[in-house]
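Residue numbering restarts at 1 for every chain, and letters A, B, ... go by the order of the sequence lines. The shown structure was predicted, so the numbers you read here are calculated from the model rather than taken from an experiment.
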Protein chains: 2
Amino acid sequence: MAEDRRAWRLVLESVESDLLSGRLSPGDRLPPERTLAADLGVGRSSVREALRVLEVLGLVRTAVGSGPSSGAVIVSRPSGGMSALLRLQVAAHGFAVNDIVRTRLALEAAVVADLADAVNAASASVDLAAARDLLSAMEAPGLTDAEFLALDQRFHLALAEASGNQVIVATMAGLRDSIEHYVRVGARQLPSWADTSARLMREHRDILAAVESGDATAARATVRQHISGYYAETNLSPRTPELTGQHRDLGLTQP
Amino acid sequence: MAEDRRAWRLVLESVESDLLSGRLSPGDRLPPERTLAADLGVGRSSVREALRVLEVLGLVRTAVGSGPSSGAVIVSRPSGGMSALLRLQVAAHGFAVNDIVRTRLALEAAVVADLADAVNAASASVDLAAARDLLSAMEAPGLTDAEFLALDQRFHLALAEASGNQVIVATMAGLRDSIEHYVRVGARQLPSWADTSARLMREHRDILAAVESGDATAARATVRQHISGYYAETNLSPRTPELTGQHRDLGLTQP
DNA sequence: CAGACCACTGTGGTCAGACCACAGCATACC
DNA sequence: GGTATGCTGTGGTCTGACCACAGTGGTCTG
């Protein structure tokens with residue numbers, strides 16, 4: 001193990017251990033950087049490197065100034081870190097856009113299937129009001145493609161939110177953010193945005209209808225068509241690639 | 001937008017832009033920290049904060065010393081960052097263990113269904129040799145629970161790897177790592193490890209058999225039983241919770 | 001007395017400089 | 001020719017300093 005004696009890891013582990021033990025909870029403020037440095041016996045710069053990581057990962061929010069709202073506060077904003085991670089990995093060719101789309105498909109299919117099953121079970125009331133509202137909002141005339149796509153994303157997130165799984169919500173948000181650039185470029189290359197958006201709206205309604213009728217199989221199929229259809233049209237088709245298991249050298253030397 | 005004028009963000013954006021434009025690729029070395037700082041007109045500590053983020057996210061590997069292998073190298077090791085992110089979010093109560101398990105279930109079900117479909121299509125040869133080898137390894141007598149669980153994880157990752165989706169591979173690895181602690185504790189509380197491991201092995205063989213016979217539905221069902229069964233037995237049951245969409249305050253103030 | 005004003009204080013954000021540990025490389029020495 | 005040794009470039013860390021900013025509380029003025 002060798003314990004990785006770098007100072008900033010010590011800080012990270014200290015915060016993680018405080019979180020696990022309950023000494024720190026969402027909403028709490030971390031000690032000032034200078035205090036933390038003195039307590040842990042490291043330099044302030046090492047503390048700052050650890051805090052930077054926590055900030056990007058979405059665990060703390062930092063603010064300058066004085067008063068109760070200043071300093072580093074534990075926040076738990078999972079989506080931010082997921083977006084950053086996926087976006088950078090896509091940029092570094094660690095993740096293929098195609099894989100991102102296929103993963104989104106897998107998650108969203110599971111979400112709507114779960115929702116449909118929950119509607120069937122009827123033991124718990126499924127709250128689809130947010131999704132319905134967004135669908136109405138998307139019918140407003142004169143929406144730009146960017147506005148439409150933003151509402152589209154919120155619609156899909158509303159479904160994930162209704163399923164009550166925060167991990168899937170955050171992951172789907174990150175997956176979508178990470179290919180935001182490609183989606184926008186793809187939208188501009190469509191033959192007719194009006195036709196495509198009309199089709200997307202139709203499919204949205206079909207998905208919601210399948211969920212509300214408790215038909216998990218139909219919901220799955222509709223989602224599949226919806227997502228793979230759009231990306232196929234924008235030349236980012238989520239075809240299943242090289243199943244032969246070719247291995248790229250990822251530069252991992254760790255044991 | 002306000003552009004967030006912090007210096008380390010500038011560094012991060014510079015690296016990301018270099019990645020997107022192809023000026024940087026996996027295997028390349030970043031300039032030395034001091035050079036990067038001078039080029040971007042920021043202090044070395046700001047550069048270091050950005051590099052620290054990239055390192056935790058799994059995008060660079062840093063090494064001291066001189067020579068070609070020293071410095072910060074672009075590596076693309078997605079799983080590392082995913083593990084760190086999920087683990088910390090679980091620690092901070094941003095993610096519930098239950099949601100982690102449900103997400104793993106959704107992804108793995110999609111993986112085996114994809115594999116079964118690919119076997120059916122037969123256009124591409126599905127390479128399940130790695131999974132088969134791991135299954136054999138797990139039959140060795142005298143494995144400790146920790147050794148068995150490690151092989152178990154590698155078996156599930158081998159399936160994901162066979163599906164060719166690196167995003168799912170990395171995500172599943174992260175999901176599993178993030179609840180490693182709970183899995184180990186759960187294993188110790190089982191009434192009989194011998195019985196449980198025997199059942200897990202049987203289920204593993206069933207999963208592989210369903211995939212090899214091209215039966216996507218059976219593969220899905222078997223995986224569901226395998227994963228939810230284990231976590232139910234270790235009191236971490238992946239029941240579908242509060243579908244009423246209760247909202248926690250996550251401390252997000254961003255617009 | 002009420003209000004506006006302002007200096008103080010504590011916080012993160014940044015930089016510059018210094019030193020160390022380490023790994024490769026070139027040179028000198030045997 | 002082979003080995004030993006010092007040089008050099010790299011990240012890792014610490015210290016100290018300064019800035020910008022936002023509350024806080026006191027002070028001054030009407």
message: Under 4.0 Å, heavy atoms only, any strand: does A:G65 hit a base, just the sugar-phosphate, or nothing?
response: base
- prompt: Applying side-chain hydrogen bond (donor to acceptor under 3.5 Å, both in side chains), which residue pairs with at least one partner in residues 29-41 of chain A are found, sequence neighbours left out?
  reply: A:E33-A:R44, A:E33-A:R48
- request: Keeping to residues at least two apart or across chains, list the salt bridge (Lys or Arg N to Asp or Glu O under 4.0 Å) pairs with something in residues 83-95 of chain B.
  value: A:E16-B:R87
query: Taking OP1 and OP2 of D:dG12, is either one under 4.0 Å from a side-chain nitrogen or oxygen of B:T62?
result: yes
Check the interface with nucleotides 14-18 of chain C: list each N/O to N/O pair with the protein under 3.5 Å, or write none.
from: C:dT14; atom 1: OP1; to: B:A7; atom 2: N; distance (Å): 2.2
from: C:dT14; atom 1: O4; to: A:R44; atom 2: NH1; distance (Å): 3.3
from: C:dC15; atom 1: OP1; to: B:G43; atom 2: N; distance (Å): 3.4
from: C:dC15; atom 1: OP2; to: B:G43; atom 2: N; distance (Å): 2.6
from: C:dC15; atom 1: OP2; to: B:S46; atom 2: OG; distance (Å): 2.7
from: C:dC15; atom 1: O5'; to: B:G43; atom 2: N; distance (Å): 3.2
from: C:dA18; atom 1: N6; to: B:R44; atom 2: NH1; distance (Å): 3.4

field: Ion pair check, A:R176 and A:E180, cut-off under 4.0 Å
entry: yes
field: Between C:dT11 (P) and A:R61 (CZ): distance, integer Å
entry: 15 Å
- request: Check whether any side-chain heavy atom of A:L115 sits under 4.5 Å from a side-chain heavy atom of A:L128, and report yes or no.
  value: yes
message: Applying side-chain hydrogen bond (donor to acceptor under 3.5 Å, both in side chains), can you list everything that pairs with B:R52, at least two apart in sequence or on another chain?
response: A:E49, B:E55
query: Hey, are the side chains of B:L86 and B:Q89 touching, using non-hydrogen atoms and a 4.5 Å cut-off?
result: no
task: Just call it for B:A63: base, sugar-phosphate, or nothing, with non-hydrogen atoms closer than 4.0 Å on any strand.
output: sugar-phosphate
- prompt: Closer than 4.0 Å, any side-chain N/O of B:S70 to the OP1 or OP2 of D:dG9?
  reply: no
message: Under a 3.5 Å distance rule, please check whether A:T103 uses its side chain to pair with a backbone N or O of A:D99 as donor and acceptor.
response: yes
task: Go ahead and write out DNA chain D as dot-bracket, 5' to 3': ( ) for pairs within the strand, [ ] for ones crossing earlier pairs, | when the partner sits on another strand, dots for unpaired; Watson-Crick or G-U wobble, both distances under 3.5 Å.
output: ||||||||||||||||||||||||||||||
- request: Using side-chain contact (heavy atoms from CB on, under 4.5 Å) as the criterion, list what pairs up with B:D18, not counting sequence neighbours.
  value: B:S14, B:R23, B:L24
